[in-house]
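Accompanying notes for the structure given below.
Letters A, B, ... mirror the listed sequences (proteins, then strands); counts begin at 1. Only a predicted model underlies this, so the values are computations on that prediction, with no experimental measurement involved.
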Protein chains: 2
Amino acid sequence: MKEIEQRLTENGVRPTAMRILIYKYLAEKEAATSLTHIETAFAKADRTTLYRTLKTFEDKGVVHQIDDGTGIQKYALCETGCNCELEQDLHLHFHCNNCNETICLTEHKIPHINLPDGYVAEDANLVLKGICEKCSGK
Amino acid sequence: MKEIEQRLTENGVRPTAMRILIYKYLAEKEAATSLTHIETAFAKADRTTLYRTLKTFEDKGVVHQIDDGTGIQKYALCETGCNCELEQDLHLHFHCNNCNETICLTEHKIPHINLPDGYVAEDANLVLKGICEKCSGK
DNA sequence: CAAATAAATGCACTTCTGTTGCACACTTGT
DNA sequence: ACAAGTGTGCAACAGAAGTGCATTTATTTG
């Protein structure tokens, strides 16, 4: 519990009760989580609060946003010391067409691509879709 | 003009006036196009018609949908003979943070990724973001 | 050619997600 | 204790995607 408070403080986020709960929730889930998802988990909290909490987390580098192609924004905790802005830290994501979960494959970085002249890449997003470990029956 | 009719017919799409116009519009644009974009270009046509036309095109393999991370669905014409479903035909897309246009880099295929055991990839989406040729001043 | 059938189009409306404005509650520092 | 700043909740809005149904247009069939 204390570790969470510390982690938030380190990133410049004031550790309120709500924020600690949300952090804990994200930490327990292995998959990327949408606002709606969190909303149902925290029925008593307001959607705006959850929304702004996620935005704050994102701003401060606590979570990173994931676009998995479903059109719904998802969030997942950043690794300790990860630097999402840097190109070399960009990992890929896997979206399971069966269970609909999206997970970070933090070990798998996005390969470098040689672009045509004149193109400057600043960011990249790679999502693989298919059947995940759990759903393929191992 | 006749070529468009033929192309549509080949793909099992009845070449109505509307559809030919939309096809032509897409062919003239080099960038991926959103529904809203088309809507403003065809102010007199109904949004539903445009919407369903794009869906039909997509079903029949005339266009492919692009998710460029903006949260807005975009469409671009498929190359003749392209097989968007096949993994080896998956090209990457480039989204310019300056002019906000998304273009297909059909020459650049998505590199193959070695996934952990149990994961089966069926589809992939790679979007690079940065500054495009035009905006980088050559 | 006319009737019957199927496909395409247009209108209205709904849903879902993301987002913002404003007021109130709470925390923090002096 | 007070003032300033931050967090939270309520309400309302915006934009895009999608659906149902009526109407028009095209295609087939007798």
Legend entry - Residue pairs, two or more places apart or on separate chains, that pass ring-ring contact (aromatic ring centres under 6.0 Å, His included) and touch residues 92-111 of chain B: Y119(A)-F94(B), H64(B)-H93(B), H91(B)-H93(B)

Legend entry - Residues which pass ring pair (Phe, Tyr, Trp, His ring centres under 6.0 Å) with Y25(A), listed by chain and number, not counting sequence neighbours: F42(A)

Inset, instruction - Starting at the 5' end of nucleotides 2-7 of chain D, put B wherever the base has a protein heavy atom under 4.0 Å, S where only the sugar-phosphate does, and a dash everywhere else. - result: ----SS

Excluding sequence neighbours, so at least two apart, what forms side-chain contact (heavy atoms from CB on, under 4.5 Å) with [X]?
{"X": "R47(A)", "value": "L35(A), E39(A)"}
{"X": "T49(B)", "value": "M18(B), D46(B), T53(B)"}
{"X": "D59(B)", "value": "none"}
{"X": "E28(A)", "value": "K24(A)"}

Legend entry - Rounded distance (Å) that lies between atom P of dA11(D) and atom CZ of R52(A): 15 Å

Legend entry - Spacing of D46(B) atom CG relative to dG20(D) atom P, expressed in whole Å: 17 Å

Inset, instruction - For K55(A), enumerate each residue passing the salt bridge (Lys or Arg N to Asp or Glu O under 4.0 Å) test, keeping only those at least two apart in sequence or located in another chain. - result: E58(A)

Inset, instruction - Would you check if H37(B) and K74(B) make a side-chain contact, meaning some heavy-atom pair closer than 4.5 Å? - result: no

Legend entry - Linked hydrophobic residues, V120(A) as query - side chain contacts closer than 4.5 Å: I131(B)

N/O contacts under 3.5 Å, protein versus nucleotides 14-17 of chain D?
residue : atom : partner : partner atom : Å
dA17(D) : OP1  : Q73(B)  : N            : 3.2
dA17(D) : N7   : R47(B)  : NH1          : 3.3

Enumerate, atom names and distances included, each donor-acceptor pair closer than 3.5 Å involving a side-chain atom of residues 9-17 of chain B, sequence neighbours excluded.
residue : atom : partner : partner atom : Å
T9(B)   : OG1  : E5(B)   : O            : 2.7
E10(B)  : OE2  : Q6(B)   : NE2          : 3.3
N11(B)  : OD1  : R7(B)   : NH1          : 3.0
N11(B)  : ND2  : K60(B)  : O            : 3.0
T16(B)  : OG1  : R19(B)  : N            : 3.3

Inset, instruction - Walk along DNA chain C from 5' to 3' and tell me the first and last nucleotide with an atom closer than 4.0 Å to a non-hydrogen atom of chain B. - result: dA7(C) to dC13(C)

